[in-house]
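To start, the structure under review is shown below, and the notes come after it.
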Amino acid sequence: MSELTGKKLAIFVEDLYNEHEFWYPKYRLLEAGATVVVAGTEAGKTYKSKIGFPAVSDVAFSEISPKEFDGVVIPGGYAPDYMRRSQAARDFVREMNAEGKLVAFICHAGWMVIPAGIAKDREVTSVAAIQDDLVNAGAMWKDAPVVRDGTVVSSRAPADRPDVIKAIIGFYRRSRPAASFTNE
């Protein structure tokens, strides 16, 4: 049995996403057994990464419900600046957090959790360029590859990809009943 079998995660996409922060988590989560749904501003739209690499959304932010998902992964690049303009995306992230579900963000994706209202009083990390944004939103910023505070897992940059995937899988490993470990 794969580590994330039975888990359904959304991964956000928008124009100017960081291809390393989108594709690596997407494929690693699929390899771990998760169902991964790509959500963007529009369903079926092709979004271009910072270097022009295409990714197609499965659904629109407005079409997804936190009740259907176990977590969300928000890649960085400059895409979070577009994502945060979507009320549906902000609401989704806020509700995922309120329901005790995983909210993972990488690099510039702190721009998405700030307007979702879940940065305040949390320990987080991000690319240093948005450290002030997170601190001004009430977060306690740390310079570390990955920081987990409750349901929120944050990571600094593409170089930290293996650490953030371990933290995401670890989030679910710790949330499983102890008996599930004995049969693996």
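Just so it is clear, the values below take in all heavy atoms, side chains as well, and ignore hydrogens, waters and symmetry mates.
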### Query
Heavy atoms, side chains only, cut-off 4.5 Å: are Leu102 and Tyr172 in contact?
yes
### Query
Can you tell me if OH on Tyr24 sees more than 12 non-hydrogen neighbours from other groups inside 6.0 Å?
yes
### Query
Would you say Arg122 and Trp141 make side-chain contact, with heavy atoms under 4.5 Å?
no
### Query
Going from CD on Glu21 to NZ on Lys50, what distance comes out if it is rounded to the nearest 0.5 angstrom?
7.5 Å
### Query
What class does the angle between the rings of Phe92 and Phe69 fall in, given that below 30° is parallel, 30 to 60° is tilted and above 60° is perpendicular?
perpendicular
### Message
Using side-chain heavy atoms (C-beta onward) and a distance below 4.5 Å, is Trp23 in contact with Phe53?
### Response
yes
### Query
Should the pair Glu3-Arg173 be classified as a salt bridge under the 4.0 Å nitrogen-to-oxygen rule?
yes
### Task
Could you tell me whether a side-chain N or O of Ser49 sits under 3.5 Å from a main-chain N or O of Ile51, the two making a donor and an acceptor?
yes
### Query
Measuring from Asp91:CG to Ser65:OG, what's the distance to the nearest 0.5 Å?
11.5 Å
### Query
Mind checking whether Tyr27 and Phe22 have side chains closer than 4.5 Å, heavy atoms only?
no
### Task
Output yes when Arg148 and Glu123 qualify as a salt bridge under the 4.0 Å nitrogen-oxygen rule, no when they do not.
no
### Query
Which pair of non-hydrogen atoms, one from Asp58 and one from Ala43, has the smallest distance, and what is that distance?
O-CB, 4.1 Å
### Reported NZ-to-NZ distance for the pair Lys45 and Lys48, which is rounded to 0.5 angstrom
11.0 Å
### Non-hydrogen side-chain atoms of Met83 and Arg90 separated by less than 4.5 Å
no
### Query
Hey, mind stepping through Thr41 and Tyr47 against side-chain contact (heavy atoms from CB on, under 4.5 Å) and telling me if it holds?
CA-CA 10 Å; Thr41 304; Tyr47 295 93; 3.6 Å; yes
#### Entry: Val93 vs Ile118 side-chain heavy atoms within contact, under 4.5 Å
yes
### Message
If you define the side chain from C-beta out and look only at heavy atoms, does anything of Ile168 sit under 4.5 Å from Leu29?
### Response
yes
### Query
What closest approach, in Å, do Phe61 and Ser86 show between heavy atoms, and which atom pair accounts for it?
CD1-OG, 3.5 Å
### Task
State whether the side chain of Asp70 and the backbone N or O of Lys8 hold a donor-acceptor pair below 3.5 Å, judged by distance alone.
yes
### Task
Any chance you could measure Ile114, atom CD1, to Ile130, atom CD1, to the nearest 0.5 Å?
6.0 Å
### Query
Lys101 side chain to Pro66 main-chain N or O, any donor-acceptor pair under 3.5 Å?
yes
### From Ile106, Val147, Asp149, residue fulfilling side-chain contact (heavy atoms from CB on, under 4.5 Å) relative to Ser154
Val147
### Query
Can you find a side-chain donor-acceptor pair between Tyr82 and Trp111 that sits under 3.5 Å?
no
### Message
Could you check whether Gln131 and Ser126, counting side-chain N and O atoms only, form a donor-acceptor pair closer than 3.5 Å?
### Response
no
### Query
Pro145 pairs by side-chain contact (heavy atoms from CB on, under 4.5 Å) with which of Val164, Asp163, Thr125?
Asp163
### Close side-chain approach of Val113 to Val152, heavy-atom, < 4.5 Å
no
